[in-house]
**Q** 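My structure is below; once you've seen it, I'll send some questions.
Below, each value reflects all heavy atoms present in this structure, side chains not excepted, and no hydrogens, waters or symmetry copies. Residue numbers begin at 1 in each chain, while the letters A, B, ... track the order of the sequences.
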2 protein chains.
Amino acid sequence: MPAPELSSRQLRAFTALAEQRNFTRAAQTCHLSQPAFSALIRTLEETLGARLFDRDTRSVQLTPEGRLFEPSARRLLDDMQGAIGDLADHAQRRKGRVSVAALPSLAAGRLPAILAEFMQAWPGITVELHDALSDACIAQLRSHQADFALAATGAGAAAASDLRGRKLCGDRFHLVCRKDHPLAGAARLTARQLAPWPFIQMARNSSVRQSLDAALHPLRLNAVFEVEHLATVMGLVEAGIGISVVPELTLFHFQRETLVTRPLPLPGLTRTIYLVQRREGSLSVAAQTLHDLILERLGAPA
Amino acid sequence: MPAPELSSRQLRAFTALAEQRNFTRAAQTCHLSQPAFSALIRTLEETLGARLFDRDTRSVQLTPEGRLFEPSARRLLDDMQGAIGDLADHAQRRKGRVSVAALPSLAAGRLPAILAEFMQAWPGITVELHDALSDACIAQLRSHQADFALAATGAGAAAASDLRGRKLCGDRFHLVCRKDHPLAGAARLTARQLAPWPFIQMARNSSVRQSLDAALHPLRLNAVFEVEHLATVMGLVEAGIGISVVPELTLFHFQRETLVTRPLPLPGLTRTIYLVQRREGSLSVAAQTLHDLILERLGAPA
DNA sequence: GCGCTTTACGCTGCGCGTAAGTATC
DNA sequence: GATACTTACGCGCAGCGTAAAGCGC
């Protein structure tokens with residue numbers, strides 16, 4: 001035999017009749033006319049090659065083979081219901097999991113409020129957040145540890161053939177220095193003005209540093225420190241050790257009485273934030289929903 | 001939603017496409033035209049309320065939701081196949097179980113050859129044999145420990161409303177005595193002739209005894225022993241302690257040099273063997289097959 | 001332009017409901 | 001004769017195949 005066909009309707013009809021032991025009532029349960037229901041049972045019996053019910057006009061009951069089949073039928077129906085239900089839960093966002101990789105600045109700055117909103121809207125969906133530098137974000141995306149990533153163009157990955165990035169927003173750089181620093185009150189700020197001052201750099205693999213290097217090249221800064229974290233930058237600046245230049249999205253680190261932040265309106269001195277995903281393979285419903293929410297909340301209309 | 005429909009065809013189409021990742025090939029696998037196959041997948045996706053495949057013209061692959069559904073679909077198909085296969089095995093007698101309750105005389109005498117034949121023909125079917133007196137046979141039948149029973153009419157159960165018995169064969173009684181006993185050579189045998197001699201009785205609850213009592217009533221025998229087993233009767237008779245009268249089917253106990261067995265052509269002195277089953281509920285395929293074989297091998301055309 | 005999926009469309013037949021038939025109590 | 005399953009029958013629509021049309025490379 002090539003392949004026995006079996007449908008959930010037949011299974012439901014079978015269990016209904018096994019319970020009711022009466023064609024007329026079981027037919028009503030299945031919303032069928034009694035003859036149609038009868039035919040359904042007959043077809044099932046023919047398909048399975050076994051008589052499942054003994055029916056003399058007065059009584060209907062399972063044959064030994066029918067009794068054998070009954071638990072299987074019920075389990076099949078339950079499993080079907082389970083599989084369908086589970087899928088529906090995911091499709092309707094009652095269940096799910098999203099994993100986002102994001103730059104530390106976004107992960108600490110603007111993402112939390114968005115994630116909170118998302119989690120409140122879809123409480124059944126588990127959200128995972130990986131805060132990592134751009135390269136690590138992209139790596140996690142490639143290795144399927146993240147569904148999508150919020151990273152800077154510096155990674156150079158947006159153009160890679162296996163990934164697909166869309167611009168989320170630009171992120172202009174600001175000078176940060178102490179309130180008592182001469183640049184805090186300077187009339188106009190230019191790149192040349194910054195160069196002499198002791199400068200706190202970020203590590204070379206940070207997108208902040210990469211954007212900065214690219215924009216200021218070939219200008220050389222007077223780097224006195226090279227650190228990993230923006231919080232450290234803040235501490236060093238606050239201590240009067242130097243100045244720094246950081247993107248707008250990181251300014252929350254520097255909102256202090258003792259410090260001043262000033263936009264640097266230099267052409268090209270902008271970091272671009274990308275929303276990156278794998279080119280092959282769509283996002284899960286849950287991931288797509290968070291993706292769209294982030295796009296809506298962070299996306300620049302430009 | 002009232003009840004999501006799902007058929008094995010849809011599940012097979014789904015797994016085929018998940019494997020092949022190509023509509024055209026998957027359609028061939030399912031013996032469908034490609035557009036028909038396409039529609040089948042679309043219907044499935046609509047039924048489940050979730051997109052299962054990403055298809056741009058160049059490539060087809062599972063969505064995250066599709067990947068979620070895939071193991072469920074495979075398991076459902078396997079379970080279906082298993083349930084159908086198991087049922088078919090029973091219907092085609094590759095598997096099964098029959099339980100027969102039979103009188104000791106039949107269980108030891110004529111049944112074994114029939115059971116051997118049955119077991120050889122259907123090696124996958126397990127046979128259970130309960131040798132018990134008529135009453136116990138009927139009790140096992142009622143309690144579903146036996147599928148059917150070979151018992152004597154003496155149980156009075158053949159007429160019971162919950163049982164259905166059909167006559168299998170009559171079983172005429174024979175005198176058994178030592179070769180040197182006067183009756184061994186008597187010209188004609190009558191009931192009265194037997195009465196004086198020391199007589200070995202079977203227990204009152206045996207069908208042999210019940211048939212005998214009923215046929216000879218009101219004649220009183222000279223009972224000297226009342227034992228449970230025919231083998232004991234044989235021993236006692238062989239020892240010269242007495243004579244006895246037993247049904248033909250038990251004569252294999254008495255086929256000995258020292259003994260003589262003689263038909264007793266007395267009217268009414270016949271035990272009837274019935275093939276009894278429950279009135280409600282049919283026999284399993286396996287049980288019906290053995291039932292029919294027994295009927296064929298033991299049944300009297302009369 | 002080629003390969004693959006989707007849409008269009010006519011057709012067959014499965015499966016439905018209504019109504020008549022049959023068997024059992 | 002009442003009840004409940006089966007058979008008969010006409011009909012609509014789901015689902016098929018063929019053919020034509022998008023759509024990415």
**Q** Is any side-chain heavy atom of B:H144 closer than 4.5 Å to one of B:R278?
**A** yes
**Q** Between atom CG in B:D54 and atom P in C:dT6, what is the gap in whole Å?
**A** 11 Å
**Q** Looking only at atom types and distance, does a side-chain atom of A:S134 sit under 3.5 Å from a main-chain N or O of A:A151, one as donor and one as acceptor?
**A** no
**Q** Within less than 4.0 Å of OP1 or OP2 of C:dG3, is there a side-chain N or O belonging to B:R55?
**A** no
**Q** Parallel, tilted or perpendicular: which describes the rings of A:F14 and A:F53, with under 30° parallel and over 60° perpendicular?
**A** tilted
**Q** Counting any heavy atom closer than 4.0 Å, what does B:R21 reach on the DNA or RNA strands: base, sugar-phosphate only, or nothing?
**A** nothing
**Q** How many whole angstroms separate atom CD of A:E46 from atom C1' of C:dC14?
**A** 13 Å
**Q** To the nearest 0.5 Å, what is the distance between CD (A:E65) and OG (B:S282)?
**A** 7.0 Å
**Q** Write down the distance between CD (B:Q61) and C1' (C:dT5), rounded to a whole number of angstrom.
**A** 15 Å
**Q** Over all strands shown, is A:R25 touching base, sugar-phosphate only, or nothing at heavy-atom distances under 4.0 angstrom?
**A** nothing
**Q** Want to settle it: does A:D56 or A:R9 sit nearer the 5' end of DNA chain C, counting the closest nucleotide to each?
**A** A:R9
**Q** Of all the nucleotides listed (C:dG17, C:dT6, C:dA19), which has the minimum atom distance to the side chain of A:S33?
**A** C:dG17
**Q** How is B:L32 classified with respect to the nucleic acid when contacts are heavy atoms under 4.0 Å: base, sugar-phosphate, or nothing?
**A** sugar-phosphate
**Q** Classify the nucleic acid contact of A:A39 as base, sugar-phosphate or nothing, counting any heavy atom under 4.0 Å across all strands shown.
**A** nothing
**Q** From A:D162 CG over to A:L141 CG, what is the distance, rounded to the nearest 0.5 angstrom?
**A** 8.0 Å
**Q** Tell me which nucleotide among C:dT6, C:dT18, C:dT5 gets nearest to the side chain of B:Q34.
**A** C:dT6
**Q** Between atom CD in B:E5 and atom C1' in C:dC16, what is the gap in whole Å?
**A** 15 Å
**Q** Rounded to the nearest angstrom, tell me the gap between atom CZ in B:F23 and atom C1' in C:dT6.
**A** 9 Å
**Q** If you walk 5' to 3' along DNA chain D, what is the first nucleotide with an atom under 4.0 Å of a heavy atom in chain A, and what is the last?
**A** D:dA4 to D:dT7
**Q** Would you say B:S38's side chain and B:Q34's backbone share a donor-acceptor pair under 3.5 angstrom?
**A** no
**Q** In Å and rounded to the nearest 0.5 Å, what is the CG to CG distance from A:L17 to A:L52?
**A** 9.5 Å
